[in-house]
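Note sheet for the following structure.
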Amino acid sequence: MNKYLAFSIIAMMMVGCSGEQTDQLLLEKDRLGLVKSLTSDKIIFWKFAKLGVRASAVKDTMMPEYRDHAKELRAVSGIIDKMGTGKNNISLVDAALLYRDYSKIKSFVIKTDEDIFPPLLDGIQPKTAPLHRSEADKMVLQNGEHAILSMLALAAKDLGMEISLYECSKTQPDKLPDGEIKTLLQFVRGLLFFTNKFYYLSEDEIGNNIKWLDKQQKVDLPYTRAFFKWGKFNNEQTHVAFHGLNHVFRGLDRLMMKRDIDETRALDDFEVFLADAHQLGIQNETVWSIESFVYIKRGKNEQAIASLNKLKKSPLLSDSERESIQQSIEYLNKREPDAKLSGVYDKFFIGKIATRQMLVVLAKIDWRTFLKEHNIVQTDKMFDTIDRFEVVNAELQKMSDPKSIIQKGNELKDKSKKLLNTIPDLF
């Protein structure tokens, strides 16, 4: 955090002198913005639960971070273990005790990097965890855990984008060997960064993918084919489709940026995407929306109208969006200048269409089956754990609400006055 803050101050001073916003400077600004964004209560509650489980696998009990908070961390792990399988509720007393312990070590949770502790799977299955895991093996395993959790959180309605972004931010693709798994991880990171408006971070991830795909024309992509349900594609077609998908999202990143050069680069990316999509005969909302935008920018009104008419019929669109498209068609029929279209059919609209379609694709993935089919160890345990974390997160959010604390306090009093001696800190 400090190094990003120091860099940001120096960078802002440089910008003040030169007035130039370089690619690298804007990327560093995004990195700093990402760190600052991961401070919500929801994320801290999530980290608290994870720290408890990961700390339960600590072998070196003299580790300062463990030793100083061992009592609270063991209590968290004990309550989570007691919940059993699935989304079982925790008792009123356990919820109160959990919140008490959270309040005691909140500052520790905020400032602590969870990755100093053993991987989550070692905490879930302590009896099968190795006595000594190499740092390289630990890095690979926890990277995989963060990547899987980022996807599962995205699919869980009570966790969603915040937790997914946190888990995504904890992955370190640069520490993984080049390969298909790394490209999929970088694509997911790029998508999440884009959705959260960290366009330069997203561009960097996806740009790395494009470089790798351009060099690896013959690489086998079985995970990618399964991930996107491209079962009818052969390997060459899968490569073309994934190459195009990366170009469209890098184009969207660049379209959201503010410099003239960025829009020029975006149009170049879009044209590569369209060439790939047309080669494969793909027709969908993303293709039609990108076609429309490029044709409008290139002054090809008739082609733009044809694509807009296809897009207008999509069930993914709301009534207001269809109305907006109809207005665009009417402007184009009248040969209205491009400036008049800016408020009707603009970059935010096509970004929303492409992202919405991709999130629909991800939401339809049967993650349990996908992970099992690809031999991801302890899949069921991972799902059970995320279910329990979801319950813990919800309970802690309730307990952090002053009205809820009073209500639960009254419930506890009615249940037994003796319980007040158990949770003095709460009141």
Side-chain angles (χ1 to χ4, degrees), residues 38-57 69-112 114 117 120 123-124 145-146 148-167 170 380-427:
L38 300 174
T39 55
S40 70
D41 285 341
K42 193 173 187 178
I43 290 172
I44 299 168
F45 294 151
W46 175 262
K47 276 185 68 179
F48 172 64
K50 286 191 75 181
L51 283 169
V53 175
R54 294 186 71 165
S56 68
H69 304 286
K71 181 181 177 183
E72 291 83 6
L73 291 171
R74 282 198 300 266
V76 176
S77 178
I79 289 173
I80 290 174
D81 283 343
K82 192 164 68 173
M83 289 171 64
T85 301
K87 294 187 179 182
N88 296 321
N89 291 326
I90 59 180
S91 71
L92 195 59
V93 176
D94 282 342
L97 292 172
L98 199 62
Y99 188 74
R100 182 199 64 182
D101 288 334
Y102 165 77
S103 299
K104 284 183 180 179
I105 64 170
K106 180 178 179 180
S107 61
F108 164 75
V109 175
I110 292 171
K111 69 183 181 183
T112 300
E114 64 169 273
F117 291 109
L120 186 64
I124 295 170
E145 290 174 350
H146 288 308
I148 291 168
L149 288 173
S150 72
M151 285 291 89
L152 300 186
L154 197 61
K157 64 176 183 177
D158 292 332
L159 298 176
M161 196 65 71
E162 268 184 282
I163 302 302
S164 186
L165 181 65
Y166 166 74
E167 290 293 343
K170 296 296 293 175
D380 288 333
K381 283 283 185 182
M382 187 69 82
F383 272 84
D384 288 341
T385 301
I386 199 172
D387 284 345
R388 282 179 272 181
F389 284 175
E390 199 170 349
V391 172
V392 167
N393 204 297
E395 287 298 324
L396 287 172
Q397 287 185 74
K398 290 177 188 174
M399 296 298 290
S400 65
D401 179 2
K403 292 181 181 178
S404 179
I405 290 176
I406 293 170
Q407 179 185 346
K408 289 185 180 296
N410 290 333
E411 290 175 14
L412 285 170
K413 285 179 184 179
D414 293 340
K415 197 169 185 179
S416 173
K417 291 182 179 180
K418 292 180 182 179
L419 291 177
L420 289 175
N421 296 325
T422 309
I423 51 169
D425 294 342
L426 185 64
F427 298 95

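It should be emphasised that the depicted structure is a prediction, and the values quoted were computed from it without experimental measurement. Heavy atoms only: backbone and side chains are in, while hydrogens, waters and symmetry mates are out.
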For side-chain contact (heavy atoms from CB on, under 4.5 Å), just list the numbers for Leu120 and Phe389, CA-CA rounded to whole Å, side-chain angles, deciding distance to a tenth of an Å, and then say yes or no.
CA-CA 12 Å; Leu120 186 64; Phe389 284 175; 4.1 Å; yes
Roughly how far apart are [X] [atom1] and [Y] [atom2], rounded to 0.5 Å?
X: Ser40; Y: Phe45; atom1: OG; atom2: CZ; value: 9.0 Å
X: Leu38; Y: Trp46; atom1: CG; atom2: CH2; value: 14.0 Å
X: Leu165; Y: Lys170; atom1: CG; atom2: NZ; value: 12.5 Å
X: Asn393; Y: Ile43; atom1: CG; atom2: CD1; value: 9.5 Å
X: Ile105; Y: Leu51; atom1: CD1; atom2: CG; value: 7.0 Å

List the steps, then state whether side-chain contact (heavy atoms from CB on, under 4.5 Å) holds for Val53 with Asp81.
CA-CA 9 Å; Val53 175; Asp81 283 343; 5.9 Å; no
If you take all heavy atoms of [X] and [Y], which pair is closest and at what distance?
X: Ile79; Y: Asp94; result: CD1-O, 3.7 Å
X: Ser164; Y: Ala153; result: N-CB, 3.8 Å
X: Lys42; Y: Ile163; result: O-CD1, 3.7 Å
X: Ser56; Y: Ser77; result: CB-OG, 3.5 Å

Answer yes or no: is there an ion pair linking Glu114 with Arg54, defined by an N-O contact shorter than 4.0 Å?
yes
May I ask you to decide whether Glu167 forms a salt bridge with Lys50, counting only side-chain N to carboxylate O separations under 4.0 Å?
yes
Taking side chain as C-beta onward, heavy atoms only, is [X] less than 4.5 Å from [Y]?
X: Tyr99; Y: Leu396; answer: yes
X: Met83; Y: Val391; answer: yes
X: Met382; Y: Leu152; answer: yes
X: Thr385; Y: Glu145; answer: no

Residue pair Glu395, Ile90: steps toward the side-chain contact (heavy atoms from CB on, under 4.5 Å) verdict
CA-CA 8 Å; Glu395 287 298 324; Ile90 59 180; 3.8 Å; yes
In chain order, what residues pass the side-chain contact (heavy atoms from CB on, under 4.5 Å) check against Val76, with sequence neighbours excluded?
Phe48, Ile80, Leu98
Under a 3.5 Å distance rule, please check whether Glu72 uses its side chain to pair with a backbone N or O of Asp101 as donor and acceptor.
no
